[in-house]
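Data block below; observations after.
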Amino acid sequence: MSGEAAAMAIPPHPASDPARPLVEVRGVVKHFDLGGHFLQRERPTVKAINDVSLTVRRGEAFCLVGESGCGKSTLARIVMGLLTPTAGEIHFDGTRIDGLRHKARMPFHRRMQMIFQNPYASLNPRRTVQQTLEEPLRFHSPALSDAEVKAKVEQVMVSVGNDPSWGNRYPHEFSGGQRQRISIARALMVDPDFVVADEPISALDVSIQAQVLNVMMDTREKLDLTYLFITHDLSVVRHFGTRVGVMYLGTVCELADTATLFENPRHPYTRILLSAIPRVSTEEMQPPGLPGEVPSAMNLPSGCVFHDRCPLANARCSAEVPKPLPQADGTLVACHAVEEGRETPGG
Amino acid sequence: MALLDVHDLVVEFPTRHGTLTALNGISFAVDKGERLGIVGESGAGKSVAAFAVLNLLTRPGRIAGGSIVFEGRDLTTLSRAQMRGVRGNRISMIFQDPMMTLNPVLTIGTQMVETLKAHRDISDAEAKRIAIQRLGEVKIPSPDKRMASYPHELSGGMRQRVVIAIALLTEPSLIVADEPTTALDVTIQAEIMSLMLALCKSHGVGLILITHDLAVVSQVTQRVVVLYAGRVVESGRTDRVVHNPVHPYTRGLLAALPGEGEPGARLNQIRGNMPSLNAIPSGCPFNPRCDHVLDDCRAALPPLDDLDGHLVRCIRARELMTGRAA
Ligand SMILES: Nc1ncnc2c1ncn2[C@@H]1O[C@H](COP(=O)(O)OP(=O)(O)OP(=O)(O)O)[C@@H](O)[C@H]1O
Ligand SMILES: Nc1ncnc2c1ncn2[C@@H]1O[C@H](COP(=O)(O)OP(=O)(O)OP(=O)(O)O)[C@@H](O)[C@H]1O
Ligand code: SF4
Ligand SMILES: [Mg+2]
Ligand SMILES: [Mg+2]
């Protein structure tokens with residue numbers, strides 16, 4: 001049987017409005033309460049995500065960037081329903097999905113898949129590639145015949161550039177890039193429309209990164225996939241992303257089309273981040289001009305979370321939280337200096 | 001005379017299934033105050049090279065051939081005790097994980113003072129003064145207060161800066177840094193690498209920077225060695241190698257970087273994978289992955305050709321250099 005017939009055996013997605021954003025994150029907050037003693041009046045709280053809103057349109061490769069600990073993975077896990085937000089809502093294709101009970105969530109489970117950073121840990125070492133790939137399909141489409149399942153496995157393996165004969169081998173027999181392509185194949189087995197990829201290439205060598213990124217770009221086009229791509233590597237964002245959200249300490253400080261962000265970064269943090277990207281160049285490495293350390297998410301700075309490291313901060317910045325304001329080209333920037341058109345801390 | 005001259009170094013790992021040759025006759029040199037990069041993908045042999053230079057290979061790894069002449073002495077002939085006098089004294093090491101260097105149960109002040117006193121006959125007060133000065137040099141805020149901190153009280157970036165301060169304590173002539181910023185964020189990486197660059201220059205210290213990141217190497221080092229499957233495939237002045245790479249492997253690595261092409265375009269991937277040590281192809285080790293391969297490439301290992309100071313191990317090097325290869 002052909003791969004096409006196998007694909008048809010899966011029920012098509014319910015009619016959805018192509019103009020509607022696929023994913024909407026509305027005012028999401030996530031606090032983690034740490035142990036502490038129950039008699040302690042104030043137990044320490046990690047304020048990991050602080051009022052984040054964004055939309056991912058159909059067909060996009062939306063990238064979240066920012067430095068370690070800024071909340072990228074936490075936000076991704078909330079979108080996937082692996083964590084419950086402290087406040088705010090997640091909508092998927094028009095339906096509010098945060099807090100949905102197990103059964104009501106099932107159809108969304110199939111449509112939203114996740115790929116993780118570590119291709120070594122995310123595949124079960126005791127299962128063959130074939131078993132790993134069949135499992136999600138048999139779970140979500142129990143009515144499929146063995147032949148249909150096999151045909152689908154073959155079709156997906158080919159679509160991500162894997163040799164279909166790998167089926168009866170085990171993960172340890174593959175290189176990092178090959179394993180990550182198997183993880184991608186597993187995510188694609190159930191015909192998702194949305195894939196969250198959390199640092200999918202960070203652990204790989206450059207030449208292997210290129211392989212995996214190419215597969216992700218191909219599948220996005222061929223299978224009409226929408227990606228939420230998490231990375232700390234800005235050159236990957238520039239290459240792969242359609243839009244970018246730049247995060248700092250649990251907030252989105254700038255949200256823009258990729259080309260716009262790289263041509264005209266506006267938030268002071270974005271500017272510093274872009275200037276720190278190492279480039280193949282004979283110019284010597286320069287310090288990034290970012291004083292101090294990232295503050296603790298347990299003790300957020302008042303006002304703008306970036307104010308104590310920002311070259312443009314003034315009194316308003318330490319008092320008032322800046323709102324994400326739309327610029328003429330649609331970019332959202334949360335910065336008082338940008339709002340006021342200041343290039344210095346003063347007036 | 002070079003500060004460090006590694007000649008025809010061979011490192012082997014005997015295993016139950018035979019002997020694996022991790023480094024197969026590599027040579028490189030570092031002049032006084034010079035910064036050298038060693039690049040290549042995972043498994044190329046970068047760390048083994050660093051560990052061999054420091055005589056830190058763990059059993060059963062062994063140096064099976066070649067010489068490592070540092071400040072006029074061949075380190076491969078030194079006893080363990082003699083080597084301890086060199087390592088952490090004339091040569092300092094910085095690892096990817098700062099906790100390889102730092103002791104979690106001692107304050108950083110104690111560690112620095114002990115390190116200094118082990119190497120020099122000085123008073124506690126003098127050692128403390130030097131330690132604080134070094135912490136200031138690596139931009140640790142309020143260094144006098146930070147002396148009392150334990151490693152776990154510092155961020156990853158701060159810990160690595162403390163490690164750099166410790167590396168400089170004994171006024172070494174060479175620092176070997178194995179992926180010192182790979183685990184850190186870009187801004188912290190830029191902070192630390194620019195700091196190392198400045199300190200190497202101001203103290204006249206030589207540096208061997210091991211990394212898989214060609215961009216970092218291009219912005220920090222003066223010369224570079226590209227390793228593939230335990231052999232040098234290209235080496236020369238960094239600007240020449242990164243702007244006019246000749247070996248198909250080096251070209252492939254540079255072309256695969258996402259920063260280089262048009263956004264959204266297919267990236268140039270190198271097909272296949274780095275071979276494992278028990279399955280290195282005969283002839284040119286890169287031949288199964290190479291776009292320029294000829295029958296002769298499979299016949300014999302190409303020599304390291306000297307093209308005006310730019311060394312390339314490829315039989316088509318001259319054609320590739322002048323752009324005549326198809
Ligand atoms: N289960 C948890 N309990 C307590 N704190 C947590 C938990 N998960 C995450 N955090 C904290 O939330 C913040 C955001 O973490 P998150 O893992 O989302 O960051 P990230 O941007 O993905 O970082 P990285 O680039 O290092 O993966 C951090 O301060 C982290 O320590
Ligand atoms: N103790 C050991 N026993 C057997 N083989 C070893 C041992 N240590 C290293 N090797 C092998 O030597 C080769 C070179 O390893 P090395 O750690 O130097 O690579 P590398 O270039 O530093 O890679 P990475 O970028 O992953 O750090 C690898 O094939 C590795 O498997
Ligand atoms: S020697 Fe041959 S196979 Fe090796 S890099 Fe040169 S052209 Fe390619
Ligand atoms: Mg993360
Ligand atoms: Mg290594």
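In what follows, chains are A, B, ... by sequence order, proteins preceding strands, each numbered from 1. Not measured: the values here are computed from a predicted model.
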Pairs where residues 229-245 of chain A contributes a residue and the test salt bridge (Lys or Arg N to Asp or Glu O under 4.0 Å) is met, not counting sequence neighbours
A/Glu60-A/Arg243

So which part of A/Leu213 gets closer than 4.5 Å to some heavy atom of chain B, the side chain, the backbone, both or neither?
side chain

Side chain from CB out, backbone as N, CA, C, O: work out which of these in B/Arg240 comes under 4.5 Å of a heavy atom of chain A, or both, or neither.
neither

Does B/Ser194 reach the side chain of A/Met285, with side-chain heavy atoms less than 4.5 Å apart?
yes

Sort by residue number and list every member of residues 244-277 of chain A having a non-hydrogen atom under 4.5 Å from chain B.
A/Ile272, A/Leu273, A/Ala276

What option among B/Leu257, B/Leu253, B/Leu267, B/Thr238 has the most heavy-atom pairs under 4.5 Å with chain A?
B/Leu267

Taking salt bridge (Lys or Arg N to Asp or Glu O under 4.0 Å) as the test, write out the residues that go with B/Arg35, two or more places apart.
A/Glu284

Without swapping roles, check the side chain of B/Ser218 against the backbone of A/Arg279 for a donor-acceptor pair under 3.5 Å.
yes

Only one of B/Val220, B/Val217, B/Val216 passes side chain to side chain contact (heavy atoms under 4.5 Å, CB included) with A/Pro278; say which it is.
B/Val216

Is B/Asp213 close to chain A through its backbone or its side chain, or both, or neither, when contacts mean heavy atoms under 4.5 Å?
side chain

Looking at every non-hydrogen atom in both residues, tell me the closest pair between A/Thr282 and B/His243 and how far apart they are.
CG2-NE2, 3.7 Å

If you compare all heavy atoms of B/Ser42 against all heavy atoms of A/Asp205, which two are closest, and at what distance to 0.1 Å?
N-OD2, 2.9 Å

Hits for salt bridge (Lys or Arg N to Asp or Glu O under 4.0 Å) against B/Arg237, two or more places apart or cross-chain, chain-then-number order -> B/Asp239

Any sub-3.5 Å donor-acceptor pair from B/Asp185's side-chain atoms to A/Ser68's backbone N or O?
yes

Could you look at B/Leu197 and say if it's the side chain, the backbone, both or neither that has a heavy atom under 4.5 Å from chain A?
side chain

Considering only heavy atoms, which portion of B/Leu254 lies under 4.5 Å from any heavy atom of chain A: side chain, backbone, both, or neither?
side chain

